[in-house]
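Heavy-atom basis, side chains included; hydrogens, waters and symmetry copies ignored.
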Amino acid sequence: MSLLSDLLSLNLSDSTEKVIAEYIWIGGSGLDIRSKARTLPGPVSDPAKLPKWNYDGSSTGQAPGEDSEVILYPQAIFRDPFRRSNNILVLCDAYTPAGEPIPTNKRHNAAKIFSHPDVAAEETWYGIEQEYTLLQKDIQWPIGWPIGGYPGPQGPYYCGVGADKAHGRDIVDSHYKACLYAGINISGINGEVMPGQWEFQVGPAVGISAGDELWVARYILERITEIAGVVLSFDPKPIQGDWNGAGAHANYSTKSMRNDGGYEVIKKAIEKLGLRHKEHIAAYGEGNERRLTGRHETADINNFLWGVANRGASIRVGRDTEKAGKGYFEDRRPASNMDPYVVTSMIAETTILWKP
């Protein structure tokens with residue numbers, strides 16, 4: 001095993017200018033992440049200078065067997081925390097050979113929204129709070145939980161410290177450092193209310209980059225849990241009963257909201273979000289009805305309400321924002337399994353482009 005470890009840690013720059021590029025894309029379920037690697041003749045820092053590639057879409061649920069080729073378009077580059085040196089992670093979206101985005105390519109439409117002059121002028125900022133649950137591999141039960149049983153009730157686990165409260169911190173800290181190494185603007189981590197559940201935050205990120213960075217952060221976390229022999233779950237309610245679900249709260253602001261008088265802009269934006277509540281809920285993740293029950297720091301899925309410092313609301317405005325008269329708000333409705341391209345672009349579309 002020591003020889004294997006030695007080979008895995010080889011620094012290629014000592015012997016060759018060639019680098020390894022891991023191409024990453026989203027599979028047919030809309031949540032599964034796929035990747036494969038190729039050799040490049042030298043370092044690359046501009047996605048436009050990377051070659052397009054292809055894959056068998058019939059094996060990912062994205063194309064029929066008789067016409068299975070799907071084309072990968074490189075969109076963003078990150079440093080590879082696993083291979084290190086000059087090796088890179090390449091986030092891609094997927095197209096037909098004719099150049100049409102395939103149905104599961106949600107990035108394409110999001111990029112169109114973010115490139116709209118009215119949206120671009122507002123410099124939309126996002127901070128996404130990604131919650132997730134770590135499961136024991138063979139039994140699909142949260143780590144740290146007794147097999148077939150339950151831990152003590154919620155209370156001591158949120159931001160908790162100690163072997164009986166914090167389960168999986170080595171994975172969480174590895175992920176934190178790996179994201180920083182990769183160039184992702186990860187802004188923090190914390191243990192969540194349910195034991196075995198954690199959160200990381202990505203942002204502030206502008207426009208389409210929020211989705212790019214969150215997807216690559218998810219990919220890195222999948223790779224780390226793979227190494228650790230732990231299953232990563234983005235189920236919005238992994239354990240039924242008196243246990244918190246898992247969300248992906250989206251913190252959002254525009255230039256107008258951040259400037260003087262922004263609180264009035266925030267209130268108008270929230271009003272528009274309320275008018276399109278059903279459309280947003282339909283796009284905010286599968287199984288969210290099991291999480292948005294009006295309990296466990298959520299608003300009921302059928303009701304829209306907002307408030308200052310209210311974690312039982314659909315939209316929460318912070319005390320600092322209210323006091324300053326400008327700032328941001330938090331959309332607490334998105335589920336942990338949401339597509340960040342869909343959620344971020346839809347919030348921008350509703351608050352900036354949509355006319356009631």
Residue pair [X] / [Y], side-chain donor-acceptor N/O under 3.5 Å:
X: Asn337; Y: Glu286; result: no
X: Asn259; Y: Ser256; result: no
X: Thr350; Y: His280; result: yes
X: Asn86; Y: Ser13; result: no
X: His277; Y: Arg333; result: yes
X: Asn190; Y: Tyr158; result: no
X: Ser29; Y: Asp32; result: yes

Any side-chain heavy-atom pair from [X] and [Y] closer than 4.5 angstrom?
X: Ile77; Y: Leu50; result: yes
X: Tyr252; Y: Asp331; result: no
X: Ile315; Y: Phe304; result: yes
X: Tyr284; Y: Glu279; result: no
X: Trp215; Y: Arg107; result: no
X: Tyr55; Y: Leu72; result: yes
X: His296; Y: Asp242; result: yes
X: Tyr181; Y: Arg84; result: yes

Can you list the steps and then say if Thr104 with Gln62 is a side-chain hydrogen bond (donor to acceptor under 3.5 Å, both in side chains)? CA-CA 8 Å; Thr104 52; Gln62 293 170 297; 2.8 Å; yes
Determine whether [X] and [Y] fall in the same hydrophobic cluster, where Ile, Leu, Val, Met, Phe, Trp and Tyr are linked whenever their side-chain heavy atoms lie under 4.5 Å apart.
X: Tyr328; Y: Ile128; answer: no
X: Ile227; Y: Leu89; answer: yes
X: Tyr95; Y: Val90; answer: no

Return the minimal non-hydrogen interatomic distance between [X] and [Y], and the atom names on each side.
X: Pro142; Y: Leu135; value: N-CD2, 3.7 Å
X: Phe234; Y: Glu131; value: CD2-O, 3.8 Å
X: Gln197; Y: Ala246; value: NE2-CB, 3.8 Å
X: Leu353; Y: Ile113; value: CD1-CG2, 4.4 Å

Would Trp141 and Tyr150 count as a ring-ring contact (aromatic ring centres under 6.0 Å, His included) if you check the C-alpha gap in whole Å, the side-chain angles of each, and the deciding distance to 0.1 Å? CA-CA 10 Å; Trp141 198 240; Tyr150 296 85; 5.5 Å; yes
Asn87/Ser85 under side-chain hydrogen bond (donor to acceptor under 3.5 Å, both in side chains): CA gap, chis, key distance, verdict: CA-CA 6 Å; Asn87 303 301; Ser85 189; 4.8 Å; no
Looking at CG of Asp80 and CD1 of Ile88, how far apart are the two atoms once the value is rounded to the nearest 0.5 Å?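 The CG atom of Asp80 sits 9.0 Å away from the CD1 atom of Ile88.
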State the CG-CD distance between Asn310 and Glu330, to the nearest 0.5 angstrom.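 Between atom CG of Asn310 and atom CD of Glu330 there are 10.5 Å.
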Using a 6.0 Å cut-off, check whether atom CD1 of Ile147 has over 12 heavy atoms from anything other than its own residue.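 Not more than 12 within 6.0 Å, no.
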Are there more than 12 heavy atoms of other residues, nucleotides or ligands under 6.0 Å from atom NZ of Lys36?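 Count over threshold, so yes.
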Can you see whether Trp243 has Lys237 sitting over its ring - NZ or CZ less than 6.0 Å from the centre and within 45° of the normal?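 Judged by the rule (NZ or CZ under 6.0 Å from the ring centre, within 45° of its axis), Lys237 is not positioned above Trp243.
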Ile220 and its side chain to side chain contact (heavy atoms under 4.5 Å, CB included) partner, picked from Thr225, Ile186, Ile184: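 Among Thr225, Ile186, Ile184, the one that satisfies the side chain to side chain contact (heavy atoms under 4.5 Å, CB included) with Ile220 is Ile184.
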Look at [X] together with [Y] and state whether they make a salt bridge at an N to O cut-off of under 4.0 Å.
X: Arg290; Y: Asp235; answer: yes
X: Glu22; Y: Arg83; answer: yes
X: Arg319; Y: Glu322; answer: yes

Run the numbers on Asn244 and Glu192 for side-chain hydrogen bond (donor to acceptor under 3.5 Å, both in side chains), then give the verdict. CA-CA 9 Å; Asn244 274 36; Glu192 268 304 328; 5.3 Å; no
Option from Arg258, Glu122, Lys326 for which side-chain hydrogen bond (donor to acceptor under 3.5 Å, both in side chains) with Ser253 holds: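 Going through Arg258, Glu122, Lys326 one by one, the side-chain hydrogen bond (donor to acceptor under 3.5 Å, both in side chains) with Ser253 is satisfied by Arg258 alone.
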